[in-house]
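First up is the structure itself, then whatever we jot down about it.
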Amino acid sequence: MEVTEKVKIVISIASLVAATVLIVSEYRRRKHQSKQTSSLSSCYLHSELKPQFGFKRVLADNSYSGFKHLKKLEDVSSSSSSIEKSLNCHPYETEITVLLENPKLEFSFLRGEYLLEMNDSYVWVETELKLKELAETLSKEKVFGVDTEQHSLRSFLGFTALIQISTQEEDFLVDTIALHDAMSILRPVFSDPLICKVFHGADNDVLWLQRDFHIYVVNMFDTAKACEVLSKPQRSLAYLLETVCGVATNKLLQREDWRQRPLSEEMVLYARTDAHYLLYIADCLTTELKQLAIDSSSPDDKFHFLLEASRRSNMTCLQLYTKEIEDYPGNAAASSLINRHLNGHGDNSTSFVDAKFQEFVRELCAWRDLMARIHDESTRYVLSDQAIVALATKQPTTTEDIYDAIAQADLAIESPSAVVCSHLDDVYQMTQDKLVKLDAILPAVLQKCLGSDGTCPISIFNYSLLVNFKTKLTSHRSAPKQNGNKNLKQFTRKASRELFVKKFSCKAPVYHNCRIYANDGRLLCYCDRRKLEWYLNRGLAKLVEENPPAITLLFEPKGRPEDEGNDFYIQTKRNICVGCGEGNHYLRYRIIPSCYRVHFPEHLKSHRSHDIVLLCVDCHEVAHAAAEKYKKQIATEFGIPLFVHRVLDSKEAQGTSSSMDQESTGNSEDAGVSPLHLRTAAMALLRHGNRMPSSRREKLLQTVKMYYGGRDISEEDLEKALLIGLSPHERRKLERKKGVSLKHSVEVSHMDKQENNNNDTDANSLVSLVEEQGVEVPAGSEKDVNAESNMVADDSSNGTSGGDGVTELNDTQCNGNTLHQQNSKLSLLGHGPHGKQIVEHLLKEYGEDGVRDFCQRWRQVFVDTVHPRHLPGGWNVSHSGRRDFGEFSVYNPTKRLSAE
Ligand code: AMP
Ligand code: ZN
Ligand code: MN
């Protein structure tokens with residue numbers, strides 16, 4: 001190796017080391033500083049003055065409420081009914097529409113002598129007086145050029161830091177920080193349709209002016225739109241400045257901190273340049289647009305292209321500023337972060353492994369969103385995306401490691417940010433699982449930061465956040481959804497949803513997390529109190545702990561969960577929605593629909609705790625809808641219809657060719673009627689028969705007659721028809737409703753009662769029925785709800801079910817479905833017959849493996865639609881499901897019968 005090469009290598013190594021030392025020492029220094037800050041346990045905002053805290057009034061604060069647009073005086077007086085509307089309307093829609101229809105074209109943006117060169121003088125506008133003078137000056141102009149500079153890093157929504165305005169004679173730089181509360185002075189000139197405002201690329205400026213000052217631009221010429229129409233190779237201002245004016249700019253200055261005062265000479269020059277040449281550029285482009293029309297094939301309209309540029313410009317003015325509203329704080333950011341991360345891994349299966357990662361990302365994004373709002377900082381300033389990924393990946397557990405992970409994640413000058421440094425404890429607690437779950441982050445953080453002993457200053461930006469947060473919590477307490485456009489729908493459904501939650505959600509924690517130990521001290525499972533009592537009452541166990549209670553079995557149980565790979569059963573289970581973590585309300589959800597599960601062999605049924613999970617109303621609805629859809633798919637796949645197609649009164653059937661045991665008959669196409677249709681028709685006729693139009697009544701009568709073989713029917717027939725297809729349980733419910741005493745009331749055992757407490761199962765179907773059709777829910781539509789309890793209750797009633805109601809049902813013949821006599825306990829209105837046939841088919845064709853595969857398919861559907869992030873550890877799509885019962889198990893079928 002040459003000596004010079006060696007020297008080169010040594011030098012580069014040395015400089016690398018030097019650089020590393022520098023970086024590390026700088027890093028240590030910051031770390032040291034931050035530790036001091038955080039030990040003060042007070043917010044950095046107590047000592048840092050941010051310019052926007054001088055604003056007395058902000059139009060767009062950091063609360064979750066929508067943006068209120070300007071209401072013009074004439075609108076205020078005209079009508080009060082359209083307040084809602086006017087808040088979300090463009091106040092100058094009429095004026096702009098008039099302009100679009102009858103454009104006032106500015107043919108020449110310059111008059112008389114014009115000096116293109118920029119001289120040394122400009123007007124710095126920082127007092128109200130000067131601003132009024134400017135407004136006065138502008139009101140006399142026919143046209144002026146405008147540009148704005150924004151600051152976005154140290155502000156949640158961003159704010160306008162400078163407005164540059166240029167007339168043919170002068171350049172004005174308006175200090176919009178100093179004059180923030182006085183900017184309305186400029187409103188009239190901006191909305192004056194007789195004054196043309198020239199912008200370059202105004203899409204954002206238009207919105208920013210609305211957001212900060214309720215300034216609406218009417219009559220605009222956007223030189224970027226002109227470039228579009230002219231099909232210029234480039235549309236940037238820099239390009240135009242260079243090609244049209246021969247002026248070079250350094251666009252990097254765009255990213256300067258425009259809050260600084262005084263502005264550097266360079267920044268002043270840059271800012272003036274952005275507005276100064278606009279009139280000249282507009283003038284040149286107008287000439288080009290006119291020339292283009294002349295050059296083009298149809299020169300009859302020589303203003304065609306100029307009009308098009310003007311039209312596109314004024315369309316820009318019609319835009320309205322809106323605040324982004326999410327289903328949940330930080331939801332969009334979290335979802336996109338997670339997606340990017342998962343895509344990066346290129347493996348879908350990781351989504352499951354990464355449940356903890358996702359949960360942490362969501363928590364951090366929610367926290368970041370809220371902290372950004374409270375402190376009026378951008379989310380990227382609070383915590384960068386890279387930092388969030390780093391935290392969620394490494395899951396550091398000490399404040400030191402958290403600090404390091406963030407500092408190393410991105411090379412921003414201020415990382416970790418002041419927010420993180422003074423609130424490091426929050427992040428620490430999230431890693432410790434202490435700062436509660438997603439839906440509790442909001443109140444917790446708000447309480448901590450802005451509550452009565454809050455650590456952070458209350459400002460004009462976060463005040464309404466604090467005031468509104470209670471309403472926010474009730475209206476936004478929804479699961480983070482994949483598709484976020486459900487907001488409006490959700491709002492209108494809020495009332496019924498609340499009712500629904502009250503009615504159907506579990507009244508007490510579902511999981512008591514009581515423990516059962518084997519006599520050798522090994523944990524067997526977590527369970528509820530009743531199960532403990534069951535063993536205790538029978539002298540099969542002794543109580544070993546009180547709170548939460550635990551028992552030790554006095555007999556040798558069959559096997560241990562760990563030995564069978566069933567460690568799912570020895571996890572504690574949290575009383576939260578497994579989908580989104582909602583903890584305030586939840587209901588049981590059966591992952592495998594009851595219509596199938598009730599027909600499973602007992603030993604496959606018993607792993608109920610694995611396949612019955614808690615879901616909040618929102619997640620429940622999503623899961624339920626997907627399950628109903630999937631049932632249809634199953635029906636098609638197996639060729640087994642979801643509903644019984646036809647029923648026919650047996651007396652009438654005997655008159656035709658069919659007989660009782662025939663499953664499908666030759667005349668099945670024209671005989672009989674769907675039990676659901678029959679019931680709906682009979683119900684409608686009984687309730688509203690004499691009030692409905694005769695054509696409608698005739699049609700319904702026809703339906704009922706089809707059941708009775710076409711003969712004339714009486715009111716009694718209608719009453720009878722109401723009961724057709726109902727299971728004995730449904731009949732009892734109906735009779736109970738009518739106040740009829742119960743012939744078949746069954747004393748449901750203590751244990752069963754608990755298991756049967758499943759009113760919630762398909763409860764969402766009730767709501768959608770009520771909402772969509774506006775009908776009272778007929779007893780029969782509660783189909784699946786009680787399918788499971790039916791079976792248990794009927795089993796225990798053991799043969800006593802041969803009363804009047806049931807014989808009637810046996811008199812009904814059905815076809816279109818393979819039904820046996822014993823199925824009389826199944827409701828024909830729901831999916832019961834379908835479920836039974838499917839399970840029988842699976843068992844016959846594939847044995848128990850078929851049932852297991854079937855279960856796995858349902859779990860996959862559940863996972864794919866709900867994307868559950870809070871499933872208990874050990875939960876698994878391919879859970880085996882098989883459990884053998886020990887001699888004393890509550891699930892041992894023989895034991896159970898004798899125990900009752
Ligand atoms: P301009 O229209 O070029 O004057 O830009 C107006 C404002 O938009 C600037 O003050 C910046 O705050 C923001 N901006 C525009 N482009 C960028 C960019 N590429 N990066 C960061 N900020 C930008
Ligand atoms: Zn703070
Ligand atoms: Mn600019």
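Here the structure is a predicted model, which is why all the values come from computation and not from measurement. Just follow the structure's listing: the first ligand is 1, and inside any ligand the first atom is 1.
- Ligand 1 has Trp208 within reach: a non-hydrogen atom of the residue lies less than 4.0 Å from it.
- Ranking protein heavy atoms by distance to atom 2 (O) of ligand 1, first place goes to Asp147 OD1, 3.5 Å.
- Cation-pi check for Arg154 over Tyr381 is met; the charged atom lies under 6.0 angstrom from the ring centroid and within 45 degrees of its normal.
- At a heavy-atom cutoff of 4.0 Å, ligand 1 is contacted by no atom of Asn204, backbone or side chain.
- In terms of protein heavy-atom proximity, atom 9 (C) of ligand 1 is closest to Glu149 OE1, 3.3 Å.
- Interface atoms of ligand 1 facing Trp258, defined by a heavy-atom separation under 4.0 Å, are 10 (O).
- Aromatic ring orientation, Phe190 versus Phe144: perpendicular (interplanar angle above 60°, classes split at 30° and 60°).
- For atom 20 (N) of ligand 1, the choice among Arg255, Gln164, His200 with the nearest heavy atom turns out to be Arg255.
- In Lys251, the part holding a heavy atom less than 4.0 Å from any atom of ligand 1 is the side chain.
- Short contacts between ligand 1 and Thr148, defined as distances under 4.0 Å to a heavy atom of the residue, involve ligand atoms 4 (O), 6 (C).
- Nearest heavy-atom pair across Leu173 and Gln164 is CD2-CG, 3.4 Å.
- Looking at Glu149, its N, O or S atom nearest to the Mn ion (ligand 3) turns out to be OE2.
- Lys394 places no side-chain N or O within 3.5 Å of a backbone atom of Ile402 that could act as its donor or acceptor partner.
- A pairwise comparison of heavy atoms in Ala387 and Ile406 identifies CB-CG2, 4.0 Å as the closest pair.
- For Glu128 against Ala182, the heavy-atom pair with the smallest separation is CG-CB, 3.5 Å.
- Closest heavy-atom contact between Tyr321 and His69: O-NE2, 2.8 Å.
- Phe357 and Val389 make their closest contact through CE1-O, 4.1 Å (heavy atoms, listed as atom of the first residue, atom of the second, distance).
- Within ligand 1, the atoms closer than 4.0 Å to a non-hydrogen atom of Asp274 are 4 (O), numbered from 1 in the order shown.
- Ligand 1 has a nitrogen or oxygen under 3.5 angstrom from a nitrogen or oxygen of Gln150.
- In terms of polar-atom proximity, defined here as any N/O pair under 3.5 Å, Gln254 does make such a contact with ligand 1.
- Between the OD2 atom of Asp274 and the OD2 atom of Asp147, the angle taken at the Mn ion (ligand 3) works out to 90° after rounding to 10°.
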